[in-house]
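Report on one structure; see the data block that follows.
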Protein chains: 2
Amino acid sequence: MDKNELNEEEMRIWHLWKGSFQSIFGRVVKEMSEHTGLSEGDYAVLDRLVLFGNGSLRQQELADSMDWDKSRLSHHLTRMEKRGLVTRKPLDTDRGVQVIITSAGKSALDEAHPIAAKAIRKYFLDQLTDQDMESITKLAERTKTGNSASSETPPP
Amino acid sequence: MDKNELNEEEMRIWHLWKGSFQSIFGRVVKEMSEHTGLSEGDYAVLDRLVLFGNGSLRQQELADSMDWDKSRLSHHLTRMEKRGLVTRKPLDTDRGVQVIITSAGKSALDEAHPIAAKAIRKYFLDQLTDQDMESITKLAERTKTGNSASSETPPP
DNA sequence: ATAGCATGGTTGACGTGTCAACCACAATAT
DNA sequence: ATATTGTGGTTGACACGTCAACCATGCTAT
C-alpha cells in the first residue's frame, strides 16, 4: 500500500464515517436549536453550570470542562450574557470571573433537556446495534488522549 | 425507560461518539490546514473540481456534489477566488457560472493529497479494527437518507 | 527594586456557516 | 398584458471559532 494516498476502501470508510457523523449530529443540533433557541454551545455551557457547579462555575473551570479555549468561551459568554442566559461576576479573591446561570437560563435548559434526549434517541441511539456501541466504546478508548477534565456526563 | 431523558449509558455512548469524532476529525483537519494552507472546504472544492469536472464545474453542480447550499458555496468561492485558487466565469447559454480551478489551485491540491492521506491514516484508519469498519459501514447504510449526489469518493 | 513569567481574561480581525432578502431572467398561468 | 413560479446566483447581517495581541496582577529570580 502506498502510504501517500488512500485506496478506494480507505476513502470509503473515511467518508462514511465523516458523513454519518455530520448527518446525524446535524439533525440533532438542528432539532434542538429549532425547538429551544439554544445552540449546542449554549446548551453545553448551561448544562455544565448546573451539573458541575450547581449553577455557577469560574470561567476557567468551565472552559476546561468543555475543552474550549478561554477566548472561545469569552466570546460565547458575551453573547449568552447579552441574551440573559448567564451573568458574569468578578471575584475579589482572585482575578477570576464567576459565571452564573440566570433563571431564564435555567428555564431554557429545563425545556431543552427532553428535546435533546428525544432527538438523540431518534437520530442516533435508535439506530445503534450492540456491536456499534461496543465499537464506539473501544475506538474511543483506543484514541483517547490525556482527556483530563471531561470525566463526567457532558451535554450534547 | 423514560423517553424524555437519557440514562447514564445512553449519555456515555453519545458523548463517546461525539468526542471521538470531533477529536480525530479535528486533528486531521488541523494537520491538513497547517501543512497546506487549505481549509477542509477549500480541499473539498478543489478535489471535486478535478475529480468530477476535470478542473471545472458549474456552481450548482459543485454545490450539489458537496451538499452545500448555494449561499455557503458563493461565500466560500468568493474567498477562494480572492486567494487565487479558483476563477468564476459566467455562462452565456444560461445564467449559470462556471467554476474553474487555477494552476495555483491545482498545485495546492496536489500538495495537499499526500498530507491528507497521511493524517487520515495516522489519526483514523490506523486505529480501526475490522469490526469498527463493519460497524461504520452498517450504521451509514442504516441512517442513509435520500443521499442524492454524493455517490462517488468525496474528499475529507 | 526589577525583570521575567504565569494566570485569567478581553479584544479585534478574520474565516466560516446560516438565514432571509434580493436580483435577473425565463417559462407559465390568468 | 400582468402576475406567478422557478432557476441560478449574490449579498448583508449575524452567530460561531481561531489566532494573536493585549492587559492587569501576582510570583519568582536576579
Side-chain angles (χ1 to χ4, degrees), chain A residues 22-23 25-27 29-34 36-46 56-100 108 149 156, chain B residues 22-23 25-27 29-34 36-46 56-100 108 149 156:
Chain A
Q22 290 178 342
S23 158
F25 190 72
R27 287 177 235 176
V29 165
K30 192 170 178 197
E31 191 140 318
M32 276 223 12
S33 74
E34 271 170 6
T36 70
L38 296 181
S39 71
E40 207 218 329
D42 299 336
Y43 185 71
V45 166
L46 297 178
S56 93
L57 284 173
R58 22 185 328 163
Q59 200 161 316
Q60 189 57 59
E61 292 172 337
L62 188 51
D64 291 345
S65 82
M66 301 204 290
D67 207 32
W68 281 13
D69 70 28
K70 53 186 183 168
S71 169
R72 179 176 178 184
L73 183 58
S74 180
H75 283 306
H76 202 94
L77 289 179
T78 300
R79 292 187 297 260
M80 290 181 73
E81 210 172 2
K82 211 168 297 175
R83 291 191 292 142
L85 297 169
V86 297
T87 306
R88 275 190 279 201
K89 182 158 48 171
L91 299 176
D92 20 317
T93 60
D94 182 88
R95 253 130 324 285
V97 168
Q98 193 78 9
V99 183
I100 306 152
Chain B
Q22 289 177 342
S23 159
F25 190 71
R27 287 177 234 177
V29 164
K30 192 171 179 196
E31 192 140 318
M32 277 223 11
S33 74
E34 270 170 7
T36 69
L38 296 181
S39 71
E40 207 218 328
D42 300 336
Y43 185 72
V45 165
L46 296 178
S56 92
L57 284 173
R58 29 185 323 166
Q59 200 161 315
Q60 189 57 60
E61 292 172 337
L62 188 51
D64 291 345
S65 82
M66 300 204 291
D67 206 33
W68 281 12
D69 71 29
K70 53 187 184 167
S71 169
R72 178 176 179 184
L73 182 58
S74 180
H75 283 306
H76 202 96
L77 289 178
T78 299
R79 294 187 298 260
M80 290 182 74
E81 211 172 2
K82 211 168 296 174
R83 290 191 292 143
L85 297 170
V86 297
T87 306
R88 275 192 277 200
K89 183 157 48 169
L91 299 177
D92 18 319
T93 60
D94 183 89
R95 254 137 321 288
V97 167
Q98 194 76 9
V99 183
I100 306 153

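Throughout, a chain's letter reflects where its sequence line sits, starting with A, and its residues are numbered from 1.
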Report task. Quickly work out the D69(B) CG to dA21(C) P distance and round it to whole Å. Result -> 15 Å
Query raised in the report: What one-letter contact string describes nucleotides 5-14 of chain D from 5' to 3', where B marks a base within less than 4.0 Å of any protein heavy atom, S marks contact via sugar-phosphate atoms alone, and - marks no contact?
Result: ---BBBBBB-
**Report entry** Listed partners of E61(B) passing salt bridge (Lys or Arg N to Asp or Glu O under 4.0 Å), at least two apart
**Finding:** none
Query raised in the report: In whole Å, what is the span from the NZ atom of K30(B) to the C1' atom of dG15(C)?
Result: 16 Å
Query raised in the report: Between dA26(C) atom P and D92(B) atom CG, what is the distance in whole Å?
Result: 13 Å
Query raised in the report: Sequence neighbours excluded, which residues qualify as salt bridge (Lys or Arg N to Asp or Glu O under 4.0 Å) partners of R72(A)?
Result: none
Query - Spacing between M66(B) atom CE and dT18(C) atom C1', to the nearest angstrom - result: 15 Å
Query raised in the report: With distance as the sole test, does T36(B) use its side chain to make a donor-acceptor pair with the main-chain N or O of M32(B) at under 3.5 Å?
Result: yes
**Report entry** Counterpart residues, side chain to side chain contact (heavy atoms under 4.5 Å, CB included), relative to Q60(B) (two or more places apart)
**Finding:** A63(B), D64(B)
**Report entry** Euclidean distance, atom CH2 of residue W68(A) to atom C1' of dT18(D) [Å, nearest integer]
**Finding:** 13 Å
Query raised in the report: With R79(B), which residues qualify under side chain to side chain contact (heavy atoms under 4.5 Å, CB included), at least two apart?
Result: H75(B), H76(B)
Query raised in the report: Expressed in angstrom and rounded to an integer, what is the separation of H76(A) atom NE2 from dC16(D) atom P?
Result: 5 Å
Report summary line: Whole-Å distance, E34(A) CD to dT18(C) C1', equals 12 Å
Requested in this report: Tell me, please, which residues at least two apart from R95(A) pass salt bridge (Lys or Arg N to Asp or Glu O under 4.0 Å).
Outcome: none
Query raised in the report: Tell me: CD of E40(A) to P of dC16(D), nearest whole Å?
Result: 11 Å
